[in-house]
Amino acid sequence: MAALSAWFWNERFWLPHNVTWADLADPAPGVEYPKAGHLLSALPLALGIFAVRIFFERYIAGPCASILQIQMELSRRAQPNAVLEKVFTSITKSPDSKHLEGLSKQLDWDVRKVQRWFRHRRNQDKPSTRTKFCESMWRFTFYLCIFIYGIRFLWQSLWMWDTRQCWYNYPYQVLTSGLYYYYITELAFYWSLMFSQFTDIKRKDFLIMFVHHLATVSLISFSYVNNMLRVGSLVMCIHDSSDFLLEAAKLANYARYQRLCDFLFVVFSMIFFGTRLIIFPFWILNTTLFESWEIILFNFLLLVLQVLHMLWSYLIARIAFKAIMRGKVCTNPPFCPDRNLLLLLLNSLALGSFTLSLSQSLRL
């Protein structure tokens with residue numbers, strides 16, 4: 001175990017050449033450097049954030065949903081049946097025609113009745129619009145607050161305007177209270193998301209989001225221990241810049257304000273493409289790969305995030321394309337641009353951002 005610990009904390013892996021852990025362990029009086037033990041404070045804070053979320057969804061988001069007349073739908077429950085329940089939980093939730101015919105004979109039911117049972121059973125597990133509204137309102141509130149805090153903090157920081165400052169006098173960069181709270185709060189929030197993902201609304205991108213949360217927690221923790229907080233704070237702010245807009249679009253959709261939802265989704269898509277496919281590779285990856293010392297693991301995790309950015313950009317562009325083709329986005333001519341013009345704009349923006357991002361990633 002001692003050998004494994006010594007290998008994991010090897011200074012060649014974590015720190016620049018000619019720098020040791022002992023150099024950072026005994027700073028001058030009044031100077032504080034990040035320590036791995038600081039990360040442990042994120043775990044109880046994550047539980048606290050989760051408790052705040054429960055309170056928020058029940059006593060703030062819930063009443064807001066009531067004001068917007070978003071009620072809890074009462075879905076028709078499937079009648080109890082041990083045979084079908086076992087098939088539903090153990091084999092398949094959507095049986096094919098062969099399974100349906102076999103179950104029909106076994107239960108002496110009509111095939112359509114068996115299909116109806118599975119449909120009711122699937123709907124029974126689906127979360128209500130009110131539940132989804134409360135979850136999105138919580139995420140919107142946190143993302144907006146942490147983005148405002150981050151942009152106000154970074155606006156006064158030298159490294160936001162000159163990324164070379166991220167590596168000036170590295171790793172002997174003083175840990176300020178503002179940077180500490182920013183980091184630990186973000187880390188605690190993503191820990192809470194990893195815990196709650198297994199109880200939250202199950203979505204199609206469950207695995208992708210789990211990999212994203214895992215990579216994010218690893219990046220935050222790694223950059224904190226390495227005292228790469230300056231470039232790490234830039235990464236966090238970039239990611240927070242569009243997340244609250246997506247949650248705002250969801251809120252508008254759940255409240256049935258379709259035009260507002262469409263507008264917010266278009267704004268979200270443009271900011272997402274700009275930050276994830278242009279700013280991130282040309283600003284963040286450029287400084288970590290060319291302006292800093294060799295940091296293999298950190299750059300590997302950043303490149304994992306970049307791959308996820310490109311995948312999500314494709315999914316977002318596809319959703320926007322389908323929505324526009326259905327005529328769902330901007331259907332009111334006096335207030336919205338021509339549908340073909342909007343489609344061309346989104347496709348051009350997505351294609352251009354994707355091409356720039358891909359060329360930068362290949363160059364790296």
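Reckoned from all heavy atoms, side chains included, excluding hydrogens, waters and symmetry mates. Position 1 is the first residue of the sequence, and the numbers go up from there.
Classification of the H239-F280 ring pair by plane angle, with boundaries at 30° and 60°, yields perpendicular. By the 30° and 60° cut-offs, the orientation of the rings of W161 relative to W155 is perpendicular.
Listed for the N227 side chain is a donor-acceptor partner under 3.5 Å among the backbone atoms of Q173. Judged purely by atom type and a 3.5 angstrom limit, S157 has no side-chain atom pairing as donor or acceptor with the backbone of M160. Side-chain atoms of S104 never come within 3.5 Å of backbone atoms of L100 as a donor-acceptor pair (strictly under, hydrogens ignored).
F195 pairs by the ring-ring contact (aromatic ring centres under 6.0 Å, His included) definition with W191, not counting sequence neighbours.
Under a hydrophobic clustering in which Ile, Leu, Val, Met, Phe, Trp and Tyr are joined whenever their side-chain heavy atoms come within less than 4.5 Å, directly or via other members, L303 and V307 fall into different clusters.
Considering every non-hydrogen atom in both T185 and L45, the closest pair reads CA-CD2, 4.1 Å. Residues S41 and I184 share a closest heavy-atom pair of OG-CG2, 3.9 Å. Nearest heavy-atom pair across L251 and M137 is CD2-N, 3.5 Å.
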* Asked: Does the side-chain contact (heavy atoms from CB on, under 4.5 Å) test come out yes or no for Y224 and Y180, once each step is laid out?
  -> CA-CA 9 Å; Y224 188 90; Y180 170 80; 3.3 Å; yes

* Step by step, work out the side-chain contact (heavy atoms from CB on, under 4.5 Å) result for R276 and I271. => CA-CA 8 Å; R276 303 307 212 276; I271 293 179; over 6 Å; no

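Residue pairs meeting the side-chain hydrogen bond (donor to acceptor under 3.5 Å, both in side chains) criterion with at least one partner in residues 140-149, sequence neighbours excluded, are absent.
Aromatic ring centroids of Y183 and H38 lie 6.0 Å or more apart.
No more than 12 heavy atoms of other residues, nucleotides or ligands shown are found within 6.0 angstrom of OH on Y257.
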